[in-house]
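Okay, structure first, notes after.
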Amino acid sequence: MSESSAAPTSWSPSHQSVWEYAWGVREFTATEAMAATGMTRSTVIDAMDGLAGVGLLRELPNARDAGLYRKGRPARRFELRADAGVLVAVDAGRAHGTVVVTDLRSHPLATHHIAADPDSTDVAERRRALTAAVDEALRLAGSERAAVAALCIGVPAPVDAAGRSPSHPDGFWQLMNPDLRGLFGWSTLLRIDNDASLAAVAEGASGAAVGRRDYIALLAGDRLGAGVVIDGRLLRGAHGGVGEMIAFDHVEGVGTAYGLGHLAAMWAAEAVAAGDADPEGALARAPQRDGRTVLELAAAGDPDALRITERISVVLARIVSVLGSMFDPSLVVVSGAVSAGVEQIASAARAALPSDLHLPAPELVVSTLGADVVVAGALAGASDLARANLLSVWR
């Protein structure tokens with residue numbers, strides 16, 4: 001993090017109020033900050049000068065110098081110094097990873113993608129790969145670890161409030177979150193979170209759930225996962241397990257925690273192997289039959305793919321109805337990479353939602369944020385972290 005002089009030994013609430021106000025606006029004057037914070041002019045000006053003195057705010061040319069004011073005493077104008085530090089957001093998936101580095105205004109500076117062996121169980125290698133990916137993204141952004149104001153990482157595992165994941169019978173959660181809090185402890189402001197929870201953050205910040213207080217973001221690609229927001233609060237649980245979907249292994253009509261993309265690929269392979277698909281049809285002749293391909297073929301009208309997506313729509317309807325009964329959301333958003341081809345499934349699932357569950361069924365929509373939803377949520381998480389806490393750690 002850059003600096004221009006020593007920070008005070010402690011920051012007052014007035015500094016924090018002006019800092020948070022500056023974070024949410026472009027340029028501003030003392031009069032505008034007074035109206036927003038309810039503080040006196042002298043208090044606001046002292047706070048603005050203090051923040052500018054340590055490089056967090058930048059004083060702009062006054063209104064007269066800028067040609068915007070001609071009479072009386074010109075107003076002093078300030079803005080947040082977007083280059084005072086960088087935000088780092090990471091989607092640390094099982095097979096793919098994305099690291100995004102931005103300035104404090106969340107304007108992108110660099111994006112770095114990595115691929116991994118989804119069958120690997122090498123914890124040390126995952127730690128090395130994620131460390132290298134973050135360092136490479138910082139290098140591409142022309143930055144370094146010392147400039148990181150906040151870092152947020154999303155992983156496919158439950159994560160508690162301290163950034164730890166519970167033990168998994170097969171070791172999967174420990175592999176996905178191999179003490180990332182310790183690994184990235186060099187970032188003073190650090191958040192490790194579940195990927196579906198960060199998808200929910202993204203949907204609430206800039207997606208289908210903007211303005212909603214009760215909603216669920218359903219990651220439904222390879223495995224099911226849900227980020228749950230109720231009464232405006234992201235729910236976590238004692239071990240970070242809110243939204244874990246293993247219980248669907250025991251739900252009639254679902255029977256699995258596999259996601260929609262996985263089901264599409266699995267049922268397509270079964271149909272072709274059993275001879276239930278036209279051997280000359282598009283599905284049987286497709287060079288690969290992953291979930292995305294099956295959904296694209298269904299959208300194009302292929303009858304074999306359509307039969308598969310009809311089955312999936314029934315499963316999705318049951319999942320949404322169970323989540324509706326458990327959490328009473330007003331909205332369920334199907335998020336993630338699979339959302340790009342799932343509108344047909346969602347449309348059929350809306351019609352199939354059961355009406356005998358007493359509570360009104362939640363609205364079901366498809367996200368527009370696509371495969372970047374987790375890293376978008378991680379960026380929103382890093383931004384919130386810096387806005388609320390950066391003053392307390394500023395050097």
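Only this structure's heavy atoms are used, side chains among them; waters, hydrogens and symmetry mates stay out.
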(message) Under a 3.5 Å distance rule, please check whether Arg126 uses its side chain to pair with a backbone N or O of Met176 as donor and acceptor.
(response) yes
(message) Please check this pair: side chain of Asn389 against backbone of Leu385, looking for a donor-acceptor N/O pair closer than 3.5 Å.
(response) yes
(request) Would you name the heavy atoms of Pro158 and Asn194 that are closest together and state the gap between them? (result) N-ND2, 4.1 Å
(message) Tell me the closest heavy-atom pair linking Ala84 and Gly55, and the distance in Å.
(response) CB-O, 3.6 Å
(request) Without swapping roles, check the side chain of Ser347 against the backbone of Gln344 for a donor-acceptor pair under 3.5 Å. (result) no
(request) Starting at CG of Leu183, measure out to CZ of Arg127 and round the result to the nearest 0.5 Å. (result) 4.5 Å
(message) Looking at Ser197 and Asp193, would you say the former's side chain and the latter's main chain have a donor-acceptor pair under 3.5 Å?
(response) no
(request) Using the rule that two of Ile, Leu, Val, Met, Phe, Trp, Tyr join whenever any of their side-chain heavy atoms come within less than 4.5 Å, decide whether Val254 and Leu219 are in one cluster. (result) no
(message) I'd like to know if the side chain of Arg77 reaches the main chain of Glu59, judged simply by a donor and an acceptor atom lying under 3.5 Å from each other, with no hydrogens or angles considered.
(response) no
(message) Quick check on Arg292: does its CZ atom have over 12 non-hydrogen neighbours (other residues, nucleotides or ligands) under 6.0 Å away?
(response) no
(request) Report yes if some heavy atom in the side chain of Leu56 is under 4.5 Å from a heavy atom in the side chain of Leu391; otherwise report no. (result) yes
(request) Treating Ile, Leu, Val, Met, Phe, Trp and Tyr as nodes and any side-chain heavy-atom pair under 4.5 angstrom as an edge, say whether Val333 and Phe327 lie in one connected cluster. (result) no
(message) Do Leu224 and Glu244 make a side-chain contact, defined as non-hydrogen atoms from C-beta onward lying under 4.5 Å apart?
(response) no
(message) Quick check: do Leu51 and Val18 have side-chain heavy atoms less than 4.5 Å from each other?
(response) yes
(message) Please check this pair: side chain of Glu203 against backbone of Ala208, looking for a donor-acceptor N/O pair closer than 3.5 Å.
(response) yes
(request) State, without any angle test, whether Ser14 and Ser17 hold a side-chain donor-acceptor pair at a distance under 3.5 Å. (result) no
(message) To the closest 0.5 Å, what do you measure between OG (Ser120) and CG (Leu175)?
(response) 6.5 Å
(message) Would Val272 and Arg289 count as a side-chain contact (heavy atoms from CB on, under 4.5 Å) here? Give the steps.
(response) CA-CA 10 Å; Val272 172; Arg289 286 182 288 272; 3.8 Å; yes
(request) Would you tell me whether Arg213 and Ser330 have side-chain atoms, one donor and one acceptor, within less than 3.5 Å of each other? (result) no
(message) Measuring only between side-chain heavy atoms, which start at C-beta, is Arg76 closer than 4.5 Å to Ile45?
(response) yes
(request) Answer whether the closest heavy-atom distance between the side chains of Val148 and Leu138 falls below 4.5 Å. (result) yes
(request) In sequence, state the C-alpha distance, the side-chain angles, and the governing distance for His262 and Asp222, and then conclude on side-chain contact (heavy atoms from CB on, under 4.5 Å). (result) CA-CA 5 Å; His262 184 99; Asp222 185 51; 3.2 Å; yes
(message) Return the CD1 to CG distance between Ile153 and Leu130, rounded to the nearest 0.5 Å.
(response) 7.0 Å
(message) With a 3.5 Å distance limit and no angle check, can you tell me whether Ser325 reaches the backbone of Ser321 through a side-chain donor-acceptor pair?
(response) yes
(message) So for atom OH, which belongs to Tyr21, do other residues, nucleotides or ligands contribute more than 12 heavy atoms lying within a distance under 6.0 Å?
(response) yes
(request) Over all heavy atoms of both residues, which pair between Ala317 and Ala349 is shortest? Give the atoms and the distance, please. (result) CB-O, 3.6 Å
(request) Determine, stepwise, if the pair Val44 / Thr40 fulfils side-chain contact (heavy atoms from CB on, under 4.5 Å). (result) CA-CA 6 Å; Val44 165; Thr40 65; over 6 Å; no
Mind listing the side-chain donor-acceptor pairs of residues 90-100 below 3.5 Å, one per line with the distance, residues two or more places apart or on another chain?
| from | atom 1 | to | atom 2 | distance (Å) |
| --- | --- | --- | --- | --- |
| Arg94 | NE | Pro118 | O | 2.9 |
| Arg94 | NH2 | Pro118 | O | 3.3 |
| Thr98 | OG1 | His113 | ND1 | 3.2 |

(request) Could you pull out the closest heavy-atom pair between Val373 and Ala202, with the gap in Å? (result) O-CB, 3.3 Å
(message) Is any side-chain heavy atom of Arg105 closer than 4.5 Å to one of Leu80?
(response) yes
(message) Taking the side chain as everything from C-beta on, heavy atoms only, tell me whether Val155 gets closer than 4.5 Å to Leu180.
(response) yes
(message) Show the nearest heavy-atom pair for residues Leu198 and Gly154, with the distance to one decimal.
(response) CD1-CA, 3.4 Å
(request) Kindly confirm or rule out a cation-pi arrangement of Arg223 over Tyr258, judged by NZ or CZ under 6.0 Å from the six-membered ring centre and within 45° of its axis? (result) yes
(message) Any donor-acceptor pair under 3.5 Å linking the side-chain atoms of Thr43 with those of Asp46?
(response) no
(request) Starting at CG of Leu60, measure out to CD of Glu27 and round the result to the nearest 0.5 Å. (result) 5.5 Å
(message) If hydrophobic clusters are built from ILVMFWY residues whose side chains come within less than 4.5 Å, do Leu283 and Val342 share one?
(response) yes
(request) Tell me whether Val322 is reachable from Ile345 by hopping between hydrophobic residues (I, L, V, M, F, W, Y) whose side-chain heavy atoms are closer than 4.5 Å. (result) yes
Let me have the donor-acceptor pairs involving side chains of residues 301-308, under 3.5 Å, with sequence neighbours excluded, atom names and distances please.
| from | atom 1 | to | atom 2 | distance (Å) |
| --- | --- | --- | --- | --- |
| Asp302 | OD2 | Asp304 | N | 3.3 |
| Asp302 | OD2 | Ala305 | N | 2.9 |
| Asp304 | OD1 | Arg307 | NH2 | 2.2 |
| Asp304 | OD2 | Asp278 | N | 3.1 |

(request) Using atom types as modelled and distance alone, determine if a side-chain donor or acceptor of Glu32 lies under 3.5 Å from a backbone N or O of Thr29. (result) yes
(request) Starting at CG of Leu151, measure out to OG1 of Thr188 and round the result to the nearest 0.5 Å. (result) 10.5 Å
(message) Any donor-acceptor pair under 3.5 Å linking the side-chain atoms of Gln174 with those of Ser165?
(response) no
(message) Under 4.5 Å between side-chain heavy atoms, counting indirect links through other Ile/Leu/Val/Met/Phe/Trp/Tyr residues: same cluster for Trp23 and Met34 or not?
(response) yes
(message) Within the 3.5 Å criterion, strictly below it, is a donor on His239 or Asp160 matched to an acceptor on the partner's side chain?
(response) no
(request) Kindly indicate whether a cation-pi arrangement holds for Arg311 with Trp267, taking the cut-offs as under 6.0 Å to the six-membered ring centre and within 45° of the axis. (result) yes
(message) Between Val393 and Leu189, is the side-chain contact (heavy atoms from CB on, under 4.5 Å) condition met? List the steps.
(response) CA-CA 8 Å; Val393 299; Leu189 298 181; 4.0 Å; yes
(message) Is any side-chain heavy atom of Glu280 closer than 4.5 Å to one of Arg285?
(response) yes
(message) Using modelled atom types and a 3.5 Å cut-off, is there a donor and acceptor pairing between side-chain atoms of Asp122 and backbone atoms of Glu125?
(response) yes
(message) Could you measure the distance from the CG atom of Asp372 to the OG atom of Ser367? Nearest 0.5 Å is fine.
(response) 10.5 Å
(message) Check whether Asp135 reaches the backbone of Glu144 with its side chain - one donor and one acceptor, N or O, closer than 3.5 Å.
(response) no
(request) Check Leu87 against Ala149 and note the closest heavy-atom contact, atom names and distance. (result) CD2-CB, 4.3 Å
